Number of protein chains: 4
Amino acid sequence: MPIDFQQDRPIYQQLMDRLSNEIVRGDRMPGDKLPSVREYAVDTGVNPNTVSRVYRELEQLTIVESRRGQGTFVTEDQKRLNQLREELKERQIDRFITEMKQLGFSENEMIQGLQAKAKGEGN
Amino acid sequence: MPIDFQQDRPIYQQLMDRLSNEIVRGDRMPGDKLPSVREYAVDTGVNPNTVSRVYRELEQLTIVESRRGQGTFVTEDQKRLNQLREELKERQIDRFITEMKQLGFSENEMIQGLQAKAKGEGN
Amino acid sequence: MPIDFQQDRPIYQQLMDRLSNEIVRGDRMPGDKLPSVREYAVDTGVNPNTVSRVYRELEQLTIVESRRGQGTFVTEDQKRLNQLREELKERQIDRFITEMKQLGFSENEMIQGLQAKAKGEGN
Amino acid sequence: MPIDFQQDRPIYQQLMDRLSNEIVRGDRMPGDKLPSVREYAVDTGVNPNTVSRVYRELEQLTIVESRRGQGTFVTEDQKRLNQLREELKERQIDRFITEMKQLGFSENEMIQGLQAKAKGEGN
DNA sequence: GTGGTCTAGACCACA
DNA sequence: GTGGTCTAGACCACT
């Protein structure tokens with residue numbers, strides 16, 4: 001499934017987000033093998049160098065682990081994944097609050113807007 | 001007041017956001033004159049060309065209006081400003097929901113997280 | 001009646017066009033007195049310097065004539081006005097043809113488009 | 001082929017017009033790669049920054065699409081191109097009619113003048 | 001004094 | 001190699 005990327009952010013970042021989301025969400029479980037660089041590149045319609053960079057940076061975040069000759073695997077450190085999930089959550093919340101305040105919205109308006117929207121999407 | 005910019009986003013975008021936030025928030029009212037290009041450049045510690053680009057792009061968004069030889073002014077179209085405020089709000093909310101869902105959080109978790117955080121900051 | 005000017009062209013040009021159109025069209029007849037600089041400036045909501053420039057440039061085109069202490073008058077040289085009208089017509093037609101050809105339209109398409117539009121406006 | 005630009009309009013606008021004409025006319029097809037910024041700069045005898053601006057503004061009009069590290073391409077959205085062609089046609093026609101009316105010419109005079117001229121040029 | 005355009009030259013991230 | 005951003009500095013037209 002070739003992905004359509006946003007034009008305003010680097011592809012490698014979008015791929016990183018995509019993968020770490022899948023991992024944090026549990027779609028890819030600890031110990032799971034990621035597709036090979038070449039395979040994933042074909043899959044997503046992206047240059048292999050780009051995928052390579054994605055894997056490399058995910059490894060630096062200790063989210064995945066590359067094993068010589070075997071491939072790249074989701075870390076088995078469940079604690080790390082939980083921690084990461086919290087981190088990402090906090091980051092989103094902080095940003096949301098900051099930006100909404102800068103627009104002049106109050107806490108109540110944020111929550112109301114959120115509820116209106118989330119319900120509208122039938123969640 | 002020279003600004004310290006983030007390194008991961010173009011300066012001109014950060015300045016655009018800053019100004020449109022000030023406008024949408026009502027700190028700069030319809031018809032108000034913005035600082036001159038040169039003045040704002042000194043203010044923010046940025047090259048005049050960069051400020052020029054900021055003003056030009058804000059004008060394309062019909063948020064401000066440049067008048068030859070007189071300066072740059074906040075649009076007097078209050079409707080447009082209200083619309084803009086809604087747009088920016090929607091955009092933030094949509095992004096927040098999307099990202100949180102991708103992390104696997106439910107609507108309730110979003111709102112709870114939000115309330116916990118916002119209160120913690122004493123809003 | 002204050003005029004709303006386009007932002008993309010100098011005001012003095014737009015005023016020149018307006019006046020020379022009125023003259024060429026016969027709304028202002030040969031020998032007619034134009035409003036004083038100050039008066040016309042107030043009328044149109046424009047800086048007197050700008051009106052002054054307009055009159056000066058119209059004089060260079062021998063369309064108007066300024067008489068010391070009396071004011072500015074439409075030229076009484078009717079031939080000149082006829083000639084001017086033809087010139088402006090030719091200029092418009094040439095430009096129209098050139099631009100439409102550059103867009104890849106044929107002569108027939110031009111005329112059809114023109115008829116469709118002109119009729120639609122009930123002329 | 002270095003271009004000789006008019007002095008009364010910004011270079012970047014003239015380049016925009018030139019390119020969008022070529023695209024609308026079909027000389028550059030959907031998906032075609034435009035010359036690189038540097039290449040086109042040399043081609044036209046203009047500073048690369050100026051070409052850059054041209055491409056950026058064409059992108060905002062969704063006529064072209066810049067892909068990081070790959071180049072700038074004509075949009076593949078044929079609908080958009082058809083729409084654009086119509087838009088540009090309408091714009092020319094409207095302007096022509098407006099200006100000719102302001103000069104006091106009737107619809108018939110416009111069409112006659114047009115036919116006389118267009119035939120004279122052997123179209 | 002105001003915005004607008006353009007050049008020259010540099011650096012960076014991306015693919 | 002590609003586009004994107006930024007700076008420095010200059011010139012111009014408009015008001």
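A note on names: the letters A, B, ... follow the listed sequences, proteins ahead of strands, and every chain is numbered from 1. All of these numbers come straight from a predicted model, not from anything done at the bench.
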Tell me the stems DNA chain F sits in, counting at least three consecutive Watson-Crick or G-U wobble pairs, each under 3.5 Å on both distances.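 Runs of three or more consecutive pairs: E:1-14 with F:1-14.
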Check whether R25(C) reaches the backbone of Q102(D) with its side chain - one donor and one acceptor, N or O, closer than 3.5 Å.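 Yes.
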Calculate the interatomic distance between N47(A) atom CG and dA15(E) atom C1'; express it in whole Å.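 Spelled out: CG on N47(A) to C1' on dA15(E) is 5 Å.
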Measure from CZ on R9(B) to P on dA13(E) and round the result to the nearest Å.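 One finds 17 Å between P of dA13(E) and CZ of R9(B), rounded.
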Between R53(B) and I11(C), who's closer to the 5' end of DNA chain F by nearest nucleotide?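 Per heavy-atom nearest nucleotide, the more 5' residue is R53(B).
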Closest heavy-atom contact between Q92(C) and L103(D)?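 Looking at all heavy atoms of both residues, the shortest contact is CG-CD1, 4.3 Å.
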Can you give me the first and the last nucleotide of DNA chain F (5' to 3') that has an atom within less than 4.0 angstrom of a non-hydrogen atom in chain B?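 Boundary nucleotides touching chain B, in 5' to 3' order, are dT5(F) to dT15(F).
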Using a cut-off of 4.0 Å on non-hydrogen atoms, how would the nucleic acid contact of [X] be classed: base, sugar-phosphate, or nothing?
{"X": "N49(B)", "value": "base"}
{"X": "R38(D)", "value": "base"}
{"X": "V46(D)", "value": "sugar-phosphate"}

Indicate every side-chain donor-acceptor pair of residues 48-55 of chain D with a distance under 3.5 Å to a residue at least two apart or in another chain.
residue, atom, partner, partner atom, Å
R53(D), NE, E57(D), OE2, 3.1
R53(D), NH2, Y12(D), OH, 3.3
R53(D), NH2, E57(D), OE2, 3.4
Y55(D), OH, P35(D), O, 2.7

E22(B) side chain near L19(B) side chain, heavy-atom distance below 4.5 Å: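 Yes - at least one pair of side-chain heavy atoms lies under 4.5 Å apart.
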